[in-house]
Amino acid sequence: MTATFVGMPAFPEAARAALADTQLRQNLTHATGTIRAKRASVVGEVAEWEELRLAGAAIKDNTLHRLDEHLLTLEAALVERGAVVHWARDADEACRIVAEVAKSHSIDEVVKVKSMATQEIGLNEVLAEHGIAAWETDLAELIVQLGDDLPSHILVPAIHRNRAEIREIFRDRMGEVGRPAPDDLSDEPAELAGAARLHLRQKFLNAKMAVSGANFAVAETGTLVVVESEGNGRMCLTLPEVLVSVVGIEKLVPTWADLDVFLQLLPRSSTGERMNPYTSTWAGVTPGDGPQEVHVVLLDNGRTRALADEVGRQALRCIRCSACLNVCPVYERTGGHAYGSVYPGPIGAILNPLLKGTGVDEQTDSLPYASTLCGACFEACPVRIDIPEVLVHLRSKVVDAHRDQRPKSEALAMRAAGWAFGDARRLDLAEKVSGVAGRVAGRLSRRSLPGGRSAVSRLPWPGSRWSDARDLPAPPPESFRAWWRRTRGGNEEER
Amino acid sequence: MSAREEILGAVRRALGDADRAEQPVPRGYRDATAPEGVVDLFADRVEHYRATVTRCSADEVEQAVRAALGGAGKVVVPEGLPFHVEGATVDAGLTAKELDAMDAVVTTATAGVAITGTIVLDHGPGQGRRMLSLVPDMHVCVVREDQVVAGVPDAVARLDPVRPQTWISGPSATSDIELNRVEGVHGPRTLNVVVVAPSG
Ligand code: SF4
């Protein structure tokens with residue numbers, strides 16, 4: 001029922017398709033621009049922001065360096081407070097655990113709080129195979145699910161849809177799965193939200209089981225934390241009798257007091273608010289309040305692989321705020337789908353290869369190249385993940401993994417460059433070819449780069465392997481070396 | 001081998017001979033000077049989220065709550081509320097569907113955070129079960145001035161992590177449609193906060 005990312009084309013191809021979609025680019029430019037401005041203003045209010053970033057990075061690093069101990073502490077605290085703790089090596093195992101909990105209560109419908117971990121493991125699809133319907137309750141996730149679509153942003157998964165499209169999706173699809181949208185539904189955001197409220201209220205009131213993730217898990221006390229806006233999280237965490245939370249093993253923080261850093265960093269970095277509307281915390285079962293059967297699934301699914309990578313390990317600090325997406329020039333132009341994963345943008349470009357390994361599939365291997373290494377993501381990251389450093393590191397791992405195979409496109413293009421630059425005569429020749437190409441391209445090209453320079457859309461092979469997803473400045477009609485020879489460094493220019 | 005043993009083993013192997021020494025965590029942010037007039041700031045910041053704020057003295061609470069309830073007919077309150085709400089039903093295990101038929105709920109809180117405009121409930125006496133302050137469409141929340149702290153670190157330090165908590169910053173909202181903030185999705189669409197000054 002829900003679309004999946006399996007079999008996505010590699011980033012360059014997917015990006016070219018996305019670049020051709022002007023509606024998508026308009027939605028994205030508007031959305032990322034708005035959120036960047038909001039974030040900048042609330043971050044600017046906090047005098048200790050840089051210190052908080054350092055603290056956030058240090059707490060997460062300390063946790064990761066003793067992750068085995070903290071996991072055991074968390075397990076003990078959860079069990080003491082009445083929760084059932086499960087461990088899942090991979091996606092299949094985690095999905096099976098959730099399905100079995102549902103089946104043990106003969107439950108065929110669950111409500112879900114937006115959670116990256118459950119998307120990562122493809123939970124909805126597996127539950128569907130078991131005859132269990134999983135209803136997404138976050139507004140954007142609902143839009144994605146009803147539209148039979150894929151999420152494109154960590155925080156605002158339907159960022160690629162505008163209000164008119166959302167109205168159509170609601171009118172066409174809500175009735176098939178529950179309370180239909182009102183006949184006179186307009187495309188006013190407040191009315192659209194109202195339709196979602198009525199549609200989902202019915203589901204919340206009848207739900208016996210909910211599935212959530214967690215933004216943080218406090219090892220010392222067994223407290224889980226869900227940060228949200230709409231109240232669908234509160235509904236899921238409070239109304240059903242059974243609650244299953246799927247928690248990546250990197251979500252731990254050692255103590256409750258450590259949250260005083262993250263509850264400042266996360267809302268300001270993600271939605272650009274001083275605080276998100278709702279944050280829920282709970283530790284196991286609270287007698288007489290909320291679900292009386294509480295499960296926690298601790299998920300590996302590649303996290304220990306990422307942990308083993310000395311350079312890449314820092315990616316596990318990520319608190320999924322999505323600030324790096326919103327500042328990324330590549331993301332702003334291609335959108336999230338081109339990354340072919342639930343984790344798009346700069347963090348996705350490093351996290352996917354770290355979780356899955358390099359040299360396994362072409363799509364994942366293409367991701368470390370989906371960046372200009374401009375560094376904006378590091379500046380924005382509340383836990384100071386040096387994404388460019390990890391990208392460069394992963395590129396070398398991808399190249400290593402392919403050393404004995406047919407050379408990769410990037411390697412091929414670079415090798416050709418190396419061959420040309422390696423010899424003055426060949427460079428001369430290459431420059432002449434490119435100068436001609438530049439004059440031709442300059443005449444034919446309708447595209448231009450910011451600043452009004454003309455752009456070449458595609459280079460001839462083997463450069464095409466590199467330029468397929470990039471705008472290149474058109475080569476100048478005369479190369480620097482030719483200009484130097486002709487003018488002696490400008491002394492004889494304009495004679 | 002069990003999944004548990006395998007995962008723990010993989011973690012230990014991954015860390016290998018990594019330097020496990022504790023890095024110092026800078027905590028200077030905890031000593032940041034509190035802004036002037038935290039209660040005023042709190043009221044401002046709560047209103048910024050389009051919640052309403054009423055200030056009153058301890059002996060005016062009942063009137064202020066009545067006014068904050070506006071025209072709400074069916075009102076539910078938790079046990080242990082330290083003041084009286086005329087005509088309200090006291091929650092004694094109402095179902096979610098029964099709560100859905102209520103117009104409004106009145107609770108107290110355990111803390112207010114000035115800088116972020118947040119109220120925190122830990123669902124003790126006077127605050128009720130979590131679903132109580134969630135399902136009705138209007139939430140009137142009474143906060144004492146002495147419960148208001150400056151920032152998030154002050155709040156975290158005084159809260160009990162074992163109790164369930166709900167941090168509330170304005171009414172339910174979404175920015176999922178073209179990033180326009182829209183108040184009112186699943187939680188209470190109206191949040192009215194009554195801030196009570198100490199008597200005398
Ligand atoms: S990498 Fe940093 S900026 Fe990007 S989502 Fe994760 S925490 Fe946020």
Side-chain angles (χ1 to χ4, degrees), chain A residues 31 34-35 48 51-52 54-55 58-59 61-62 65-68 87-89 93 139-140 156 158 162-163 166 189-190 192-193 196-197 200 205 218 221 223 229-232 234-235 238-239 256-257 259-260 263-264 271 274-283 286 289-290 300 304 307-308, chain B residues 2-4 6-8 10-16 18-20 22-30 32 45 49 96-97 100 113 115-118 123 129-131 134 152-153 156-157 161-180 182 184-187:
Chain A
T34 309
I35 207 161
E48 314 84 35
E51 191 194 54
L52 287 170
L54 288 166
I59 292 167
D61 279 351
N62 286 339
H65 286 150
R66 297 190 174 274
L67 189 56
D68 47 346
W87 300 72
R89 281 165 279 219
E93 193 165 24
L139 181 52
V156 201
N162 64 20
R163 58 179 79 186
I166 295 168
L192 294 170
R197 177 183 171 97
L200 286 172
L205 294 178
V218 180
T221 57
T223 310
S229 293
E230 297 169 11
N232 60 310
R234 292 177 69 192
M235 291 278 177
T238 312
L239 298 189
W256 169 257
L259 288 177
D260 71 1
L263 291 180
Q264 296 187 76
T271 48
R274 296 188 180 110
M275 190 57 89
N276 51 291
Y278 298 134
T279 297
S280 297
T281 77
W282 74 101
T286 309
D289 185 351
D300 181 344
T304 51
L307 187 66
Chain B
S2 71
R4 179 179 186 270
E6 254 187 63
I7 293 171
L8 289 170
V11 168
R12 290 179 189 127
R13 271 194 309 282
L15 291 170
D19 179 11
R20 287 179 167 226
E22 194 89 354
Q23 292 178 45
V25 178
R27 298 287 189 185
Y29 64 88
R30 286 184 179 159
R45 294 276 158 100
Y49 298 121
K97 281 179 190 157
D100 194 37
V113 188
I115 291 172
T116 60
T118 306
H123 304 282
R129 299 175 295 151
R130 281 174 284 171
M131 70 163 80
L134 172 64
V152 168
V156 167
V162 175
R163 298 199 59 83
Q165 293 170 22
T166 309
W167 294 47
I168 299 171
S169 306
S172 154
T174 183
S175 302
D176 281 351
I177 303 165
E178 297 178 6
L179 291 174
N180 282 319
V182 177
V185 197
H186 304 298

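Sequence lines set the chain letters: A, B, ... in the order given, protein chains first and strands last, and positions in each chain run from 1. Note that the structure is a prediction, hence the values are computed from the model and not measured.
Interface check for chain B: of the options A:Arg163, A:Glu93, A:Glu51, A:Arg197, the most heavy-atom pairs under 4.5 Å are formed by A:Arg197. Counting heavy-atom pairs under 4.5 Å between each of B:Gly187, B:Ser169, B:Gly117 and chain A puts B:Ser169 at the top. If you tally non-hydrogen atom pairs under 4.5 Å between each of A:Gln264, A:Arg234, A:Met235, A:Glu48 and chain B, the highest count goes to A:Arg234. Each of B:Arg129, B:Arg4, B:Arg20 has some count of heavy-atom pairs under 4.5 Å with chain A, and the biggest count is that of B:Arg4. In terms of heavy-atom pairs under 4.5 Å with chain A, the best-connected choice from B:Met131, B:Arg27, B:Gln23, B:Arg163 is B:Gln23. Considering only heavy-atom pairs separated by less than 4.5 Å from chain B, the leading option among A:Leu54, A:Leu192, A:Asn162 is A:Asn162. The choice from B:Ala32, B:Ser2, B:Ala157, B:Pro26 that makes the most heavy-atom pairs within less than 4.5 Å of chain A is B:Pro26. For the set B:Gly170, B:Ala18, B:Pro24, B:Gly28, the count of heavy-atom pairs under 4.5 angstrom toward chain A peaks at B:Gly28.
Minimum interatomic distance between A:Ala193 and B:Val185 (heavy atoms only, all atoms of both residues): O-CG1, 4.3 Å. Of all heavy-atom pairs spanning B:Val156 and A:Trp256, the tightest one is O-NE1, 2.9 Å. The nearest pair of heavy atoms linking A:Ala257 to B:Arg30 is O-NH2, 3.3 Å. Between B:Leu15 and A:Leu67 the shortest heavy-atom distance is CD1-N, 4.4 Å. Scanning all heavy atoms of the two residues, the minimum distance from A:Arg274 to B:Thr116 falls at O-CG2, 3.7 Å. Contact detail for A:Arg66 and B:Glu22: the closest heavy-atom pair is NE-OE1, 4.2 Å.
In this view, B:Ala173 and A:Pro277, B:Arg181 satisfy the side-chain contact (heavy atoms from CB on, under 4.5 Å) rule, not counting sequence neighbours. Here B:His123 pairs with nothing under the ring pair (Phe, Tyr, Trp, His ring centres under 6.0 Å) rule; sequence neighbours left out.
Panel note: side chain A:Thr304, backbone B:Val11; no donor-acceptor pair is recorded below 3.5 Å. In this structure, the side chain of A:Thr221 does not engage the main chain of B:Pro161 through any donor-acceptor pair within 3.5 Å. Proximity of a side-chain donor or acceptor of B:Gln165 to a complementary backbone N or O of A:Thr281 within less than 3.5 Å is not detected.
With a 4.5 Å cut-off on non-hydrogen atoms, A:Ser280 touches chain B through its backbone and its side chain both. The parts of B:Thr166 that come within reach of chain A are both its backbone and its side chain, each placing non-hydrogen atoms under 4.5 angstrom from that chain. Only the side chain of A:Leu52 comes within less than 4.5 Å of a heavy atom of chain B; its backbone N, CA, C and O stay farther away. In this structure, the portion of B:Tyr49 lying under 4.5 Å from any heavy atom of chain A is its side chain and not its backbone. For chain B, the nearby parts of A:Leu307 are the backbone and the side chain; heavy atoms of each come within less than 4.5 Å.
Between atom CG of residue A:Leu205 and atom CG of residue B:Asp100 there is a gap of 4.5 Å, rounded to the nearest 0.5 Å. Residue B:Thr174 holds its OG1 atom at 4.5 Å from CG of A:Leu139, rounded to the nearest 0.5 Å.
Of the candidates B:Val113, B:Ile115, B:Val152, B:Val152 is the only one forming a side chain to side chain contact (heavy atoms under 4.5 Å, CB included) with A:Met275.
A 4.5 Å side-chain heavy-atom check between A:Asp289 and B:Pro164 finds at least one atom pair inside the cut-off.
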